[in-house]
2 protein chains.
Amino acid sequence: MATPEACRHLLTSMEGITGVHRSLAKALPAGCLPPGSGVLFVLGRSEQPLRAGRVAELMDIDMSVVSRRIAHLVDQGWVARSPNPHDGRSCLLGLTDQGRAVVDNATEQCLDVVAGGLRDWPDEDIERLADLLERLRVSLGHRTLPAPEPVPH
Amino acid sequence: MATPEACRHLLTSMEGITGVHRSLAKALPAGCLPPGSGVLFVLGRSEQPLRAGRVAELMDIDMSVVSRRIAHLVDQGWVARSPNPHDGRSCLLGLTDQGRAVVDNATEQCLDVVAGGLRDWPDEDIERLADLLERLRVSLGHRTLPAPEPVPH
DNA sequence: TATTGTTATACTCTATAACTATA
DNA sequence: TATAGTTATAGAGTATAACAATA
């Protein structure tokens, strides 16, 4: 049912999608989104500790990237590694209290900016946009929902 | 009217927004989006030739970035500089026929991927998402619409 | 003196490939 | 042999600062 016209319209509006993201980041106080925040957010949203490979899968980036970031985040004291009882090759990763504080602060700052920019929006438009973005992500094949850590054999 | 709950929901769905963009790029044939495509797209959408500073403004990135990209795109033969009759400090930038071909091809390839992923979406949802994204971009302060080149004094 | 654009430098995000350790 | 993770290297996007030319 997707006509080429509608897709073309969407494509144009998606063209600047990274710009929107950057605008948001620029509107934030300096240091609010430290390097590697993405990993921090993913770990912060997860119910359980995650393996590095699982983080890479959820973010749809290469594990080598996650590995280097994790090392840095551990150095910062924001992420803690604990041994994986089921597999000696991997560790389980979780936020420290400090890491949680960084995530919570960044989230609040982002919320301030978004809520400020969207203060005239009707609530239902915001909800609709969020829902549509989520569906777009799924339709374009990007993983999102953290499934429970599977127990290996 | 924007409640914190709705904004939080939107923020979560925006977190992976660059991932969606990357998914799209990854789904494309190699070489389809050459470095600097963004500048190419902006020039391709403009009715008239643009100054470098104007491109930077429209993309909300630093002019130094545009400058280096333009140099590369001119080397590739995709962008042509012409003298600006109103101001000797700047040039006017436009696509060459080759550049136009690159833009058109990339657009079609992107359309194929998007239309494929969204083939089950009702048309009105696609339009609604495109509209909401456009409004989001405006509300968060990101410039989009190419205004006519102002004539300096 | 202010503005336009260029260049040098550096930082962030990402991927590929080669490697180590464990399964 | 296959998988999880690490490390080295490289490419792409971006910003800041110093600079040259023109207004």
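Letters A, B, ... are given to chains in the order of the sequence lines, protein chains preceding strands, and every chain is numbered from 1.
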| Any side-chain heavy atom of B:Q109 sitting closer than 4.5 Å to one from B:L33? |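 Result no, sub-4.5 Å side-chain heavy-atom pair not found.
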
From [options], nucleotide with atom closest to [X] side chain:
| X | options | value |
| --- | --- | --- |
| B:D87 | D:dA23, C:dA15, D:dA4 | D:dA23 |
| A:M63 | C:dT14, D:dT6, C:dT4 | D:dT6 |
| A:V65 | C:dA15, C:dT4, C:dA8 | C:dA15 |
| A:D62 | C:dA15, D:dG13, C:dT12 | C:dA15 |
| B:S67 | C:dT4, C:dT12, C:dT6 | C:dT6 |

| What is the distance from atom CG of A:L118 to atom CD1 of A:I126, rounded to the nearest 0.5 Å? |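 Nearest 0.5 Å value for the CG-CD1 distance: 4.5 Å.
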
Does a side-chain N or O from [X] land closer than 4.0 Å to OP1 or OP2 of [N], or not?
| X | N | result |
| --- | --- | --- |
| A:K26 | D:dA15 | yes |
| B:S90 | C:dT4 | no |
| B:R68 | C:dT7 | no |
| A:R22 | C:dC13 | no |

May I have the distance from [X] (atom [atom1]) to [N] (atom [atom2]), rounded to whole angstrom?
| X | N | atom1 | atom2 | answer |
| --- | --- | --- | --- | --- |
| A:L93 | D:dT6 | CG | P | 8 Å |
| B:I61 | D:dT14 | CD1 | P | 5 Å |
| B:H72 | D:dG11 | NE2 | P | 12 Å |
| B:N84 | C:dG5 | CG | P | 8 Å |

| task | Identify whether any heavy atom of A:G36 sits under 4.0 Å from a base atom; if not, whether one sits that close to sugar-phosphate; answer base, sugar-phosphate or nothing. | result |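 Sugar-phosphate, no base atom in range.
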
| task | Look at all strands and tell whether A:R69 reaches a base, only sugar-phosphate, or nothing, counting heavy atoms closer than 4.0 Å. | result |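 Sugar-phosphate, no base atom in range.
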
| Quiz item: A:S64 side-chain donor-acceptor pair to C:dT16 base, under 3.5 Å |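 Yes, the side chain and the base share a sub-3.5 Å donor-acceptor pair.
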
| query | Looking only at atom types and distance, does a side-chain atom of B:R119 sit under 3.5 Å from a main-chain N or O of B:G116, one as donor and one as acceptor? | reply |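 Between the backbone of B:G116 and the side chain of B:R119 there is a qualifying donor-acceptor contact (under 3.5 Å).
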
| query | Looking only at heavy atoms, what is the nearest atom pair of A:E15 and B:V42, with distance? | reply |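 Closest pair (atom of A:E15, atom of B:V42, distance): OE2-N, 4.3 Å.
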
| message | Does atom CG (B:D75) have a neighbourhood of more than 12 heavy atoms from anything else shown, all under 6.0 Å? | response |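 Count over threshold, so yes.
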
